[in-house]
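Worksheet: one structure, shown below.
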Amino acid sequence: MSANPKASERVDALREQINYHNYRYYVIDDPEIPDVEYDRLMIELRQLENDHPKLVIASSPTQRVGGTPLSAFSQVVHEQPMLSLGNAFSDDDVISFDRRNHERLGVDMIEYVAEAKLDGLAISLLYENGELVRAATRGDGATGEDVTHNVRTIDSIPLLLRGAGFPKRLEVRGEIFMSKEGFRKLNRAQNDKEEKPFANPRNAAAGSLRQLDPKISAQRPLSFYCYSTGIVEGGKLPDGHYQIILALKSWGLPVQKEMQLLKDINACIDFYQKILNKRDKLPHDIDGVVYKVNSISQQKDLGYISREPRWAIAHKFPAEEEITKVIDIDIQVGRTGALTPVARLEPVFVGGVTVTNATLHNESEVLRKDVRIGDTVIVRRAGDVIPEVVKVVMSQRPKQTNVFVMPDVCPVCQSSVIKEETISRCSGGLICDAQIKEGFKHFVSRQAMDIEGLGEKLIEQLIDRNKVQTIADLYHLQRDELISLERMAEKSADNVLAAIEKSKSTTLPRFLFALGIREVGVATARGLANYFTNLDSLMDADSETLIKVPDVGPIVAKHAYEFFRDVRNREVIQSLVKSGVHWPDIEADFQDDDLLPLSGEIYVLTGGLTSMSRDVAKEQLQALGAKVSGSVSAKTSVVVAGEKAGSKLTKAEKLGIAVLDESGLIALLAKHSK
Ligand code: D41
């Protein structure tokens, strides 16, 4: 008894359109309409449902966030147990898995599906007549918790399946996870609210799913990919895991991109390498690759053993976090005198390498984490990053331990230590051996003078035996002085001398970088070189002039200015030049694309500006080195949103991209228009 047939028709049409656009967005990753248009559809639907409450149904896209918070989760007994996965830790384990399958099946060829193993939580979604009726966690595999109210808030999970042909009762299984970006954003928000941050995306996803109040879950950036099925009644699925996944996708369920049908186990191992190489670049954490026998009849023949299917295995990646013990806490002195506490660890295999040290960053970090000698700690090494201590396992702390204290004198030269905010710095300067050694290492490094063969050990010997005092002395080294050193054959001595000779022919940016002026990295060195074009004008520049260099602020200007006022530094430079270190002249050139203040940034302009035309804004941004693009993507650095900014702004907010309003733009242009 629909009071208003017109409204009812429109409501149906809107729901259909919204579901269709969700599918385009979340499943096939090819949105057809801008976000504002989508928002308009949702607003219209909400309005109509408000005006005609009788038309509201549970599967309406407006009904994702349900009523009142629960007081507890109810239990769900899985009609079909949710199995777990056996693990393989090496190629050999994988090959044995394949051999066992061949033996049991008695076939020549076995096709596998390989898919990235998402690091989230396994979930079961039950669809009845195409409608999501229940979502449950895996729990112990036999019994889980009913989290329907929270799962409904995950936008990528369809409340209604698309099309026809799906079984009347269909249980879809998959993984709920949080993207790395979503995790960072959530933790920033936790931080702003002075609430405890989550340790990793997996914990954040778990915590979000276990909220009793769906309004909170709804604000958490959760995602979902499906990877298998459970109950299937009143319909049939294809005889192939891959084909089933494609069918699920056609019904509107999201499927990950990192999934392939492969002809044999060798192709699986290749796939593993490929995924391992892109692990860091993926938008979400994964902890391995899963291989599954594709044929469902072969899966049935292979069967299960102790709740693990014989037809599937997880090929694990090296763990990025491991547990080990802190043997000692050392203090390292850097080139600029900064003292860095470093944990000496019992060797542990993590992230694919054996780790014996992990940085503790600075005093306040050590105290915040309360790391002590003797502690058991979690160390993390992800990708190429330096290993770090994540946290202490407090329950394993031995009885007698001491709180870490930062020394008040430099452990190398005994000069006093000065605190600058979080950084403790040795005041020894040129009398501190550690700083001198680090300065030499920096001078010879690849991006600086690039002197090959002059390694750490050699530098230490040269300094300890007084063969060199300053970097300029490197250019006066004699062949017999080098040969007299430990482990220095004549041939290597000649190679080192040749490398030193070769380094004399350099460039001004390299030379400036090599000097090791505080805060002057490769890019700043290039900026200084291009601005002043020759060393003399730079050495004589005052702070006001230095600040005019793109990318140079008051701090860098101060460091550079002070560096060149120091007579000792001027002497070293003079001596280097006298020894023959030289570089070609630089032509004044401010157009070098890498040097401009907004180089490498991608701006998008949207909405109307009142103080200038969009074209002028575009020109000015380009003049500062920015690229100006017409569409927002994950690569966009900043969106400038004028009046009535629409879908681009919405998208920027969704992607967590920085947004500037008109006054922000004006301030930005003013700041760089020196
Ligand atoms: O990505 C995953 N985390 C993932 C987990 C996956 N891609 N496939 C999986 N397949 C299964 C079987 C073979 C049992 C259907 C799984 C899991 N299981 C699983 N996740 C947690 C326990 C088991």
Side-chain angles (χ1 to χ4, degrees), residues 78-88 94 97-98 100-101 110-125 135-145 147 156-157 170-180 200-203 205-206 209 222-232 237 240-249 253-262 268 271-272 275-276 278-279 282-317 319:
H78 297 295
E79 284 176 49
Q80 276 183 29
M82 289 181 80
L83 303 171
S84 53
L85 280 168
N87 288 321
V94 172
F97 159 76
D98 178 54
R100 288 193 302 269
N101 290 339
I110 301 176
E111 275 189 330
Y112 290 98
V113 174
E115 50 201 61
K117 184 166 182 294
L118 306 155
D119 197 6
L121 296 108
I123 192 94
S124 145
L125 308 176
T137 61
R138 176 173 179 278
D140 62 5
T143 311
E145 281 176 328
V147 288
S156 58
I157 294 184
L170 174 65
E171 183 192 358
V172 177
R173 292 174 176 179
E175 200 85 354
I176 286 185
F177 59 94
M178 194 177 284
S179 70
K180 296 176 192 169
N200 54 47
R202 192 183 181 286
N203 287 5
L209 206 55
L222 295 176
S223 305
F224 168 79
Y225 285 133
C226 60
Y227 57 66
S228 76
T229 54
I231 306 161
V232 180
L237 297 178
H241 172 67
Y242 194 71
Q243 291 72 17
I244 292 176
I245 297 296
L246 292 184
L248 296 178
K249 186 169 175 179
L253 290 153
V255 171
Q256 65 164 327
K257 288 200 192 71
E258 268 41 77
M259 168 178 286
Q260 265 182 33
L261 177 61
L262 299 169
C268 291
F271 180 87
Y272 173 91
I275 300 293
L276 181 55
K278 38 175 182 171
R279 182 184 197 181
L282 291 179
H284 46 260
D285 280 346
I286 56 174
D287 59 353
V289 169
V290 186
Y291 310 130
K292 298 173 184 173
V293 170
N294 188 52
S295 156
I296 304 296
S297 43
Q298 287 182 342
Q299 287 185 3
K300 291 210 171 98
D301 288 346
L302 288 166
Y304 311 85
I305 179 162
S306 62
R307 295 196 171 259
E308 285 174 11
R310 285 206 188 86
W311 45 267
I313 199 161
H315 191 179
K316 302 288 284 234
F317 287 153

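Values in this document were obtained by computation on a predicted structure and should not be read as measured data. Counting starts at 1 for both ligands and their atoms, following the listed order.
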Which protein N or O atoms sit under 3.5 Å from any N or O of ligand 1? Give atom names and distances.
residue  : atom   : partner : partner atom : Å
ligand 1 : 1 (O)  : Leu118  : N            : 2.8
ligand 1 : 3 (N)  : Leu118  : O            : 3.0
ligand 1 : 3 (N)  : Glu175  : OE1          : 3.3
ligand 1 : 3 (N)  : Glu175  : OE2          : 3.4
ligand 1 : 7 (N)  : Glu115  : OE2          : 2.8
ligand 1 : 8 (N)  : Glu115  : OE2          : 3.4
ligand 1 : 8 (N)  : Lys292  : NZ           : 2.9
ligand 1 : 10 (N) : Lys292  : NZ           : 3.1
ligand 1 : 20 (N) : Tyr227  : OH           : 3.1

Practice item. Would you indicate whether the side-chain heavy atoms of Arg307 and Pro81 approach each other to under 4.5 Å? Key: yes
Practice item. Have a look at Asp287 and tell me which of Arg279, Lys117, Arg202 forms a salt bridge (Lys or Arg N to Asp or Glu O under 4.0 Å) with it. Key: Lys117
**Study point:** Check against side-chain hydrogen bond (donor to acceptor under 3.5 Å, both in side chains), His241 and Glu115
**Key:** CA-CA 11 Å; His241 172 67; Glu115 50 201 61; 3.2 Å; yes
Practice item. For Thr137 and Glu145, indicate whether the former's side chain and the latter's backbone hold a donor-acceptor pair under 3.5 Å. Key: yes
**Study point:** Candidate pair Tyr291 and Asp98, rule side-chain hydrogen bond (donor to acceptor under 3.5 Å, both in side chains), full reasoning
**Key:** CA-CA 10 Å; Tyr291 310 130; Asp98 178 54; over 6 Å; no
Exercise for review: Can you sort out the partners of Phe317 under ring-ring contact (aromatic ring centres under 6.0 Å, His included), two or more places apart, ordered by chain and number?
Suggested key: Tyr272
